[in-house]
Amino acid sequence: MTVERLNLPPNPERMIEGLRDTGYEFNTAVADIVDNSIAANATKVQLWLAADMKKQIRLLIVDNGDGMNRQGLINAMQYGSAARPSAASLGKYGLGLKTASTAFCRRLSVISRPSGNTPPLMATWDLLHVANAKSWELLLATDCDEEAVEQLDTIAAGHSGTVVLWEQVDRLIKDYEDKSAGWAKKAMESKEAGLRRHLGMIYQRFLDPNDDRVRHVEIELNGKPVEPWDPFQRDYSELVAQQTVTSELQDGTQADFTVRAYILPRDEEFPSKEAAASARVGNDTQGIYIYRENRLIHDADWLGIYRKEPHYNLIRVEFSFDNKLDDAFHLDIKKSQIILNEDLANWLEEQFLPAPRREANRRRREGEQKRIAKKGVGAHDTSNTNIRNHEAEAGGAEVNVTNPNTGEVIVKNAHGKFKLKLTIANAQRPGEVFVQPVDSITNGLLFQPVMIEQHRAVQINTSHPYYSKVYVPNLARSVTLQGLDSLMWALCVAELTTVRDNTNELFKDLRYEVSRILEKMVEALPDPEVEKDVA
């Protein structure tokens with residue numbers, strides 16, 4: 001059989017334009033370039049994002065890393081460049097610099113020098129030039145961009161270093177050049193703030209001088225240091241679970257990954273409002289944070305195992321691995337996500353995560369109960385006044401306390417006179433003798449009849465889901481709250497009015513079943529926004 005071999009290079013214009021659409025987000029693209037700086041052993045990285053007088057956006061990423069000679073520069077600018085010597089390098093596929101950059105700009109230049117005694121050389125991919133030349137022509141020049149060289153001399157005086165320059169940025173802010181000055185300024189400030197926040201999270205371990213897991217790197221954006229942000233808030237959080245798992249790879253070698261679960265304090269438990277705000281506790285920040293070689297590659301996601309729900313806002317999980325597991329986890333070209341195999345996903349869901357998630361939920365609910373109790377103080381006052389005004393008209397059983405220490409009472413109703421045991425309580429607020437919220441009731445009941453200062457009353461369990469999902473959103477709605485409270489009080493009075501010796505236990509069972517059914521009925525209702533709903 002004859003086989004013809006053809007060298008079939010891709011169409012330069014179509015290919016280089018097509019590679020602009022690899023799905024990069026701006027922050028991810030910039031981080032891909034910073035990865036190269038760190039891989040080149042840089043200790044300082046400066047980013048300058050701005051627009052000139054003509055509203056042309058430029059981005060410079062400058063480092064004092066190893067730098068490159070002519071051949072190294074050409075290799076770095078080649079699509080699918082040669083692999084780095086170290087497999088642990090943050091740069092991995094030899095595509096990030098080019099694809100990340102041209103996802104947002106039409107002209108990419110890299111200016112580099114291998115030492116302080118060597119003049120810099122500039123290599124440029126100009127998408128318009130590639131289209132016109134119909135060839136993969138890389139432009140090399142010793143006459144480098146003046147601003148780039150100036151910044152390089154500032155950060156790496158007498159030293160090797162590299163500058164990545166984006167020009168003709170056409171995909172960062174749509175129609176930026178046509179916008180008003182005020183709008184354009186705010187748009188650029190928003191991009192800068194988002195990038196600063198992203199870099200602080202992605203490179204937290206490199207930015208923190210006290211973190212000995214990696215070498216320290218200083219990163220600045222527009223002249224201001226990028227501050228590290230620790231998702232796990234290790235100064236305040238509690239490590240509740242940790243496990244290192246050894247996996248056998250296809251080639252027979254072994255590699256480890258580590259999973260740690262942290263539970264953060266509730267807002268009120270942080271030492272200051274500033275610390276609580278910095279922790280960013282919320283729905284968006286819960287989940288698994290994935291680290292490759294101590295660099296965050298994917299954040300705040302449950303990887304399809306669970307969906308995000310407010311009652312898990314306090315839990316954050318670290319998943320760390322090294323380059324040996326890149327293929328096993330199907331690391332993508334942007335180094336922004338991994339794909340878990342079925343066994344690992346099942347292990348996380350069924351063995352590792354359940355206990356930490358339950359504890360996080362318990363602590364959140366505990367804090368929620370405290371907030372509900374604090375915000376709900378006085379919410380039932382109107383109900384107490386309303387019932388007092390109609391207590392005589394309601395009629396019903398006569399109840400007299402005979403032994404407040406044991407809860408013994410005498411109930412006199414249409415069926416006779418009976419000795420029963422009831423909870424005997426004291427008013428926690430003036431006039432709170434008919435409806436009393438409490439933080440718990442035995443067996444988790446929603447409500448129970450009690451006697452408060454010789455008045456027939458009802459205690460309502462603020463820990464019951466019905467209270468948090470039905471009562472809490474209505475604490476500031478007087479009419480609705482009076483309706484709910486009157487119903488609960490009426491059920492208790494009706495129980496005392498119809499009870500007999502042989503039906504007392506049946507009524508207890510009835511309250512238990514009502515409480516159980518209502519808990520099921522409100523499962524699908526949203527959790528309350530406590531601060532908003534009870535304000």
Side-chain angles (χ1 to χ4, degrees), residues 197 201 229-233 236-241 259-270 273-290 298-319 345 348-350 352-376 379 437 439-440 444 446 460-477 480-481 484 515 518-535:
R197 187 166 173 162
M201 177 174 63
W229 181 73
D230 177 12
F232 311 113
Q233 299 294 298
Y236 310 115
S237 65
E238 180 181 351
L239 176 63
V240 295
V259 188
R260 299 181 180 92
Y262 296 85
I263 296 181
L264 277 64
R266 299 185 296 268
D267 281 353
E268 67 272 17
E269 295 175 324
F270 281 92
K273 291 183 178 180
E274 292 75 18
S278 177
R280 307 173 193 170
V281 174
N283 218 42
D284 293 339
T285 51
Q286 66 168 266
I288 300 174
Y289 290 71
I290 302 171
H298 190 76
D299 69 293
D301 190 356
W302 289 113
L303 302 178
I305 300 173
Y306 308 105
R307 60 187 177 89
K308 291 187 176 183
E309 300 175 86
H311 41 287
Y312 296 113
N313 281 350
L314 299 181
I315 185 170
R316 294 176 188 172
V317 179
E318 173 193 349
F319 187 105
L348 286 170
E349 180 178 10
E350 298 170 7
F352 184 83
L353 290 174
R357 281 168 59 87
R358 283 196 301 270
E359 178 61 13
N361 186 30
R362 184 193 69 78
R363 295 189 191 186
R364 183 202 68 90
R365 290 192 180 280
E366 183 180 89
E368 183 180 86
Q369 290 307 313
K370 291 180 180 179
R371 290 193 295 272
I372 288 173
K374 181 178 178 181
K375 292 286 187 178
D439 59 12
S440 66
L446 170 60
I460 304 174
N461 183 5
T462 60
S463 297
H464 193 282
Y466 186 86
Y467 191 91
S468 65
K469 293 188 175 185
V470 176
Y471 261 87
V472 168
N474 292 288
L475 288 180
R477 299 178 176 92
T480 303
L481 191 64
L484 291 168
S515 300
L518 286 177
E519 181 174 358
K520 290 293 182 183
M521 296 297 290
V522 299
E523 271 186 354
L525 295 181
D527 285 311
E529 297 179 41
V530 176
E531 295 300 326
K532 174 181 177 181
D533 289 331
V534 302

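In this chain, residues are counted from 1 in sequence order. All heavy atoms count here, side chains included; hydrogens, waters and symmetry mates do not.
Ring geometry for Phe232 versus Tyr262: interplanar angle under 30°, hence parallel rather than tilted (30 to 60°). The aromatic rings of Tyr471 and Tyr467 lie parallel to each other, with less than 30° between the two planes, well short of the 60° mark.
Trp229 contributes atom CH2, which lies 6.0 Å from atom OG1 of Thr285 (distance to the nearest 0.5 angstrom). Atom CZ of Arg266 sits about 12.0 Å away from atom CG of Leu264, to the nearest 0.5 Å. Interatomic distance, OG1 of Thr462 versus CG of Leu446, reported as 10.5 Å (0.5 Å rounding). Met201 CE to Asp230 CG: the interatomic distance, rounded to the nearest 0.5 Å, is 11.5 Å. With rounding to the nearest 0.5 angstrom, the OG atom of Ser237 is 9.5 Å from the CD1 atom of Ile263. Note: Arg358 CZ to Leu353 CG = 11.0 Å, rounded to the nearest 0.5 Å.
Leu348 and Tyr306 make their closest contact through O-OH, 4.3 Å (heavy atoms, listed as atom of the first residue, atom of the second, distance). When all heavy atoms of Val281 and Asn313 are compared, the pair lying nearest together is CG1-O, 3.7 Å.
Inter-residue side-chain proximity for Leu484 and Tyr466 is flagged as met; some heavy-atom pair is nearer than 4.5 Å. Residues Ile315 and Arg364 are not in side-chain contact: their nearest non-hydrogen atoms beyond the backbone lie 4.5 Å or more apart.
At distances below 3.5 Å, at least one donor-acceptor pair connects side-chain atoms of Gln286 with backbone N or O atoms of Glu309. In this structure a side-chain-to-backbone donor-acceptor pair under 3.5 Å is missing from Asp299 to Tyr289.
Of the charged side-chain nitrogens involved, none lies within less than 4.0 Å of a carboxylate oxygen, so that Arg363 and Glu269 do not count as a salt-bridged pair.
Summarising the local packing, CG of Asn283 is surrounded by more than 12 heavy atoms from other residues, nucleotides or ligands at distances under 6.0 Å.
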